[in-house]
**Q** 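The structure under discussion is supplied below as C-alpha cells; questions concerning it will follow.
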Amino acid sequence: MPDNAPRAIASALLHWYDHNARDLPWRARPGANAPDPYRVWLSEVMLQQTQVASVIPYFDKFTRTWPTVEALAASEDADLMAAWAGLGYYARARNLLACAREVARRGAFPDTEQGLRELPGVGGYTAAAIAAIAFGRRAVVVDANVERVVSRLFAVEDVLPGAKAKIYALTDSVTPELRSGDFAQAMMDLGSGICTARSPKCLLCPLREHCAGFAGGTPERYPRKAAKPPKPQRFGTMFWLERDGAVLLVRRPDKGLLGGMRALPTGAWADSPPGLADPPAKAEWKLLTETVSHGFTHFNLDVALAAATLSSHAGAAVEGEWWPVADLESAGLPTVFAKAARQFRRMLCAV
DNA sequence: AAAGCGTGGCA
DNA sequence: TTGCCAAGCTT
C-alpha cells in the first residue's frame with residue numbers, strides 16, 4: 001500500500017527539485033530573489049499547450065526585444081504578431097498585448113491569484129502559476145503534467161476531462177503551504193522528464209514509494225482520457241501574386257483561425273478542393289502540380305497552390321501589402337503559409 | 001459547456 | 001506514416 005501522506009510527498013518532491021531543477025531562462029537562479037513577474041507571465045503564456053523546447057527561442061527573442069512589460073505594451077500590434085509567428089495559438093499573442101497594456105496602465109501586475117485571473121489570456125492555470133512562482137503565494141497549479149502525475153500518484157480511474165475537479169482537489173491536498181511555486185515547477189519537471197506520457201521512468205522517480213499507479217503495475221494507464229473524434233479533412237487554395245519581385249500578403253481577420261496574422265490570400269476552406277474560387281485579383285492564375293498539407297488542432301488541411309504575375313503598372317486596386325519576396329522571412333507568416341511560400345518559390349524557380 | 005484554436009516531436 | 005501529445009484560454 002503506497003504512502004499518500006501529503007507532507008511526505010511534498011517534501012520528497014521539493015528535495016528532488018533542489019537537486020534536479022532544470023535551468024530555464026525564466027527561472028530565478030538558485031538563491032536569487034523572486035523572478036520578475038513579467039518574465040514569469042510571459043513564459044507561462046508561451047508555455048500554454050506548448051513545450052519548453054519550442055518556447056525558449058521565442059522567450060529569448062521577446063525579452064531581448066521587449067525587456068519590460070512597459071516596452072511590450074508600447075509595441076506595434078503587427079510587430080508583436082510577427083514575432084509570435086510559428087509559435088501557434090495566435091489568440092495568445094493578441095491577448096498578450098492587451099494584457100501588457102492593461103498592466104502598464106495599472107503600473108504593475110496584480111499579485112493575487114484572483115486579480116491575475118482577470119487579465120486577458122490569464123486563466124485558472126496561469127493565474128495560479130504566476131501567483132505561486134512570482135509572488136510566493138500558495139496556489140494550486142494544475143496543468144497537463146500535474147494532471148498526469150497526480151492521476152498516477154492516486155490511481156485516478158475517472159476519465160478526463162470529467163476528472164478535473166477530483167484532480168484539482170488531490171493536487172490541493174499535496175500542495176505545501178511554503179514553496180508552492182517550487183512545488184508546481186517540480187511537478188512539471190517531473191512530468192516532463194520522468195513521469196512522461198509514454199514509458200514513465202519510475203525507477204528514477206522520487207515519488208515512487210508514494211505512487212498508487214506504480215504499485216498497481218501500470219502507471220502509464222493514467223490519466224484516463226475520453227477518445228477523441230477523428231479530424232475532418234478540409235481543402236483550400238492559396239494564391240501567390242507577384243509583381244516586381246514582391247508578393248501580395250493580407251492580414252487575416254482578428255477572430256478565428258490564424259486571426260490577425262499576415263498571410264497569403266486564400267479562398268474559404270471547403271469539404272472538397274475549391275479550385276480557383278475567391279482569387280485576390282483578376283489575373284492569369286495557374287494551378288501548380290504540388291499541394292501543401294498541414295494539420296491543425298481540429299482538422300487537416302490540403303491546399304492547392306495558384307500563382308500569377310502582374311505587370312508593374314497593374315494591381316493598383318489590390319488590397320494588401322506587397323512584400324519583397326527576398327525578405328519574406330521577416331513577414332512573420334504562420335507555419336502553414338511559410339510552408340506554402342517555400343513550395344511556391346521552389347516550384348516557380350524551377351520553371 | 002463544448003468547440004475552436006497551432007505546431008513540432010515522438011513512437 | 002499516422003496519431004497522440006504538450007506549462008490552456010475564450011466564447
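In what follows, chains carry the letters A, B, and so on, assigned in the order in which the sequence lines appear, proteins first and then strands, with residues in each chain numbered from 1.
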**Q** Closest-nucleotide mapping onto DNA chain C: is A/Arg27 or A/Asn300 further toward the 5' terminus? I mean the 5' end.
**A**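 Its nearest nucleotide being more 5', the pick is A/Asn300.
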**Q** Select base, sugar-phosphate, or nothing to describe what A/Val52 touches, counting heavy atoms under 4.0 Å on all strands.
**A**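 A/Val52: base contact, heavy atoms under 4.0 Å.
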**Q** Among the candidates B/dG6, B/dT7, C/dA6, find the nucleotide nearest to the side-chain atoms of A/Arg148.
**A**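 The nucleotide sitting nearest to the side chain is C/dA6.
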**Q** Of the candidate nucleotides B/dG6, B/dG8, B/dT7, which contains the atom at the shortest distance from the side chain of A/Gln51?
**A**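 When the side chain of A/Gln51 is considered, B/dG8 is the closest of B/dG6, B/dG8, B/dT7.
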**Q** Out of C/dA6, B/dC5, B/dG8, which has the shortest distance to the side chain of A/Ala197?
**A**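 Nearest nucleotide to the side chain: C/dA6.
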**Q** Determine, for A/Lys164 against A/Glu147, whether the closest basic-nitrogen to carboxylate-oxygen distance falls under 4.0 angstrom.
**A**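 The answer is yes: the pair qualifies as a salt bridge.
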**Q** From CG of A/Leu258 over to C1' of B/dG4, roughly how many Å is that when rounded to an integer?
**A**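 Distance check: A/Leu258 CG to B/dG4 C1' gives 12 Å.
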**Q** Picking from C/dA6, B/dG8, B/dT7, which would you name as closest to the side chain of A/Ser54?
**A**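 Of all the options, the side chain of A/Ser54 is nearest to B/dG8.
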**Q** Specify the residue among A/Glu44 and A/Gly121 whose closest nucleotide of DNA chain C lies further upstream toward the 5′ end.
**A**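 Checking each residue's closest nucleotide, the 5'-ward one belongs to A/Glu44.
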**Q** Among C/dT10, B/dT7, B/dC5, find the nucleotide with the atom closest to the side chain of A/Tyr89.
**A**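 Output: B/dC5.
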**Q** Are A/Leu287 and A/Leu264 linked, directly or through intermediate hydrophobic residues, by side-chain heavy-atom contacts shorter than 4.5 Å (ILVMFWY only)?
**A**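 No: no chain of side-chain contacts under 4.5 Å links A/Leu264 to A/Leu287.
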**Q** Under 4.0 Å between a side-chain N/O of A/Lys225 and OP1 or OP2 of C/dA6, yes or no?
**A**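 Looking at the OP1 and OP2 atoms of C/dA6, one of them is under 4.0 Å from a side-chain N or O of A/Lys225.
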**Q** Crowded around A/Lys339 NZ? As in, over 12 foreign heavy atoms under 6.0 Å?
**A**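 Yes - once you tally the heavy atoms of other residues, nucleotides and ligands closer than 6.0 Å, there are more than 12.
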**Q** Looking across every strand, which nucleic acid part, if any, lies under 4.0 Å from A/Gly259 by heavy atom: base, sugar-phosphate, or nothing?
**A**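 If one applies the 4.0 Å heavy-atom cut-off, A/Gly259 turns out to touch nothing in the nucleic acid.
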**Q** What is the distance, to the nearest angstrom, from the OH atom on A/Tyr58 to the P atom on C/dA6?
**A**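 Rounded to whole Å, this separation is 21 Å.
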**Q** Taking donor-acceptor contacts at under 3.5 Å, does the side chain of A/Thr297 reach the base of B/dG6?
**A**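 In this structure, the two groups form a donor-acceptor pair.
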**Q** Does any N or O donor sit under 3.5 Å from an N or O acceptor when you compare the side chain of A/Thr50 with the base of C/dG8?
**A**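 In this structure, the two groups form no donor-acceptor pair.
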**Q** Under 4.0 Å between a side-chain N/O of A/Gln48 and OP1 or OP2 of C/dG8, yes or no?
**A**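 Negative; the distance criterion is not met.
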**Q** Less than 4.0 angstrom between a side-chain N/O of A/His298 and OP1 or OP2 of B/dC5, yes or no?
**A**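 For A/His298, the contact criterion (side-chain N or O under 4.0 Å from OP1 or OP2 of B/dC5) is met.
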**Q** Could you check how far CG of A/Leu47 sits from C1' of B/dG6, rounded to whole Å?
**A**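 Between C1' of B/dG6 and CG of A/Leu47: 15 Å.
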**Q** Using a heavy-atom cut-off of 4.0 Å across all strands, would you classify A/Trp26 as base, sugar-phosphate, or nothing?
**A**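 Base contact.
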**Q** Is A/Gly256 touching bases, backbone alone, or none of the nucleic acid, heavy atoms closer than 4.0 Å?
**A**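 The answer is sugar-phosphate, as A/Gly256 gets under 4.0 Å only of primed atoms, P, OP1 or OP2.
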**Q** Would you mind reading off the distance between A/Gln49 atom CD and C/dC9 atom C1', rounded to a whole angstrom?
**A**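 So the CD-C1' distance, A/Gln49 to C/dC9, works out to 9 Å.
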**Q** In chain order, what residues pass the ring pair (Phe, Tyr, Trp, His ring centres under 6.0 Å) check against A/His313, with sequence neighbours excluded?
**A**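 If we apply the ring pair (Phe, Tyr, Trp, His ring centres under 6.0 Å) test to A/His313, skipping adjacent residues, there are no hits.
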**Q** Which one, C/dC5, B/dC5, C/dA6, comes nearest to the side chain of A/Lys228?
**A**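 Of the options given, the side chain of A/Lys228 lies nearest C/dC5.
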**Q** NA contact type, A/Leu24, heavy-atom cut-off 4.0 Å: base, sugar-phosphate, or nothing?
**A**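 It contacts base atoms.
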**Q** For A/Lys255, answer base if it contacts any base atom (sugar-phosphate contacts may also be present), sugar-phosphate if it contacts only those atoms, and nothing otherwise; contact means non-hydrogen atoms under 4.0 Å.
**A**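 Nothing: the residue A/Lys255, judged by heavy atoms under 4.0 Å, touches no strand.
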**Q** A/Pro230 near the nucleic acid: base, sugar-phosphate alone, or nothing, with a heavy-atom cut-off under 4.0 Å?
**A**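 It contacts nothing in the nucleic acid.
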**Q** Write down the distance separating the P atoms in B/dG8 and C/dC9, rounded off to the nearest Å.
**A**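 Nearest-Å result for B/dG8 against C/dC9 at atom P: 22 Å.
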**Q** Using a heavy-atom cut-off of 4.0 Å across all strands, would you classify A/Arg22 as base, sugar-phosphate, or nothing?
**A**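 Base contact.
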**Q** Can you tell me how far P of B/dA2 sits from CG of A/Leu160, to the nearest Å?
**A**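 Value for this atom pair: 14 Å.
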**Q** Just to be sure I understand the rule, does A/Thr126 reach a base, reach only the sugar-phosphate, or reach nothing, if contact means heavy atoms closer than 4.0 Å?
**A**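 Sugar-phosphate, backbone atoms only, no base.
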**Q** Between atom OH in A/Tyr90 and atom P in C/dC9, what is the gap in whole Å?
**A**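 Nearest whole value for this atom pair: 19 Å.
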**Q** If we check side-chain contact (heavy atoms from CB on, under 4.5 Å) with A/Trp26, which of these qualifies: A/Thr63, A/Ile56, A/Val40, A/Ile133?
**A**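 When A/Thr63, A/Ile56, A/Val40, A/Ile133 are each tested with A/Trp26, the side-chain contact (heavy atoms from CB on, under 4.5 Å) holds only for A/Ile56.
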**Q** With side-chain hydrogen bond (donor to acceptor under 3.5 Å, both in side chains) as the rule and sequence neighbours excluded, what pairs involving residues 77-97 of chain A come up?
**A**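 Of all non-adjacent pairs touching residues 77-97 of chain A, those that pass side-chain hydrogen bond (donor to acceptor under 3.5 Å, both in side chains) are A/Thr50-A/Arg92, A/Asp77-A/Arg101, A/Tyr89-A/Thr297.
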**Q** Are A/Arg179 and A/Asp182 ion-paired here, with the side-chain N under 4.0 Å from a carboxylate O?
**A**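 Yes, A/Arg179 and A/Asp182 are salt-bridged.
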**Q** Establish, with yes or no, whether the OP1 or OP2 oxygen of B/dT7 is under 4.0 angstrom from a side-chain nitrogen or oxygen of A/His294.
**A**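 Answer yes for this pair, as a side-chain N or O of A/His294 is under 4.0 Å from OP1 or OP2.
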**Q** Please report, rounded to the nearest Å, how far the P atom of C/dG3 is from the CZ atom of A/Arg198.
**A**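 It works out to 14 Å between those atoms.
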**Q** How many whole angstroms separate atom NZ of A/Lys164 from atom P of B/dA2?
**A**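 In whole Å, B/dA2 P and A/Lys164 NZ are 13 Å from each other.
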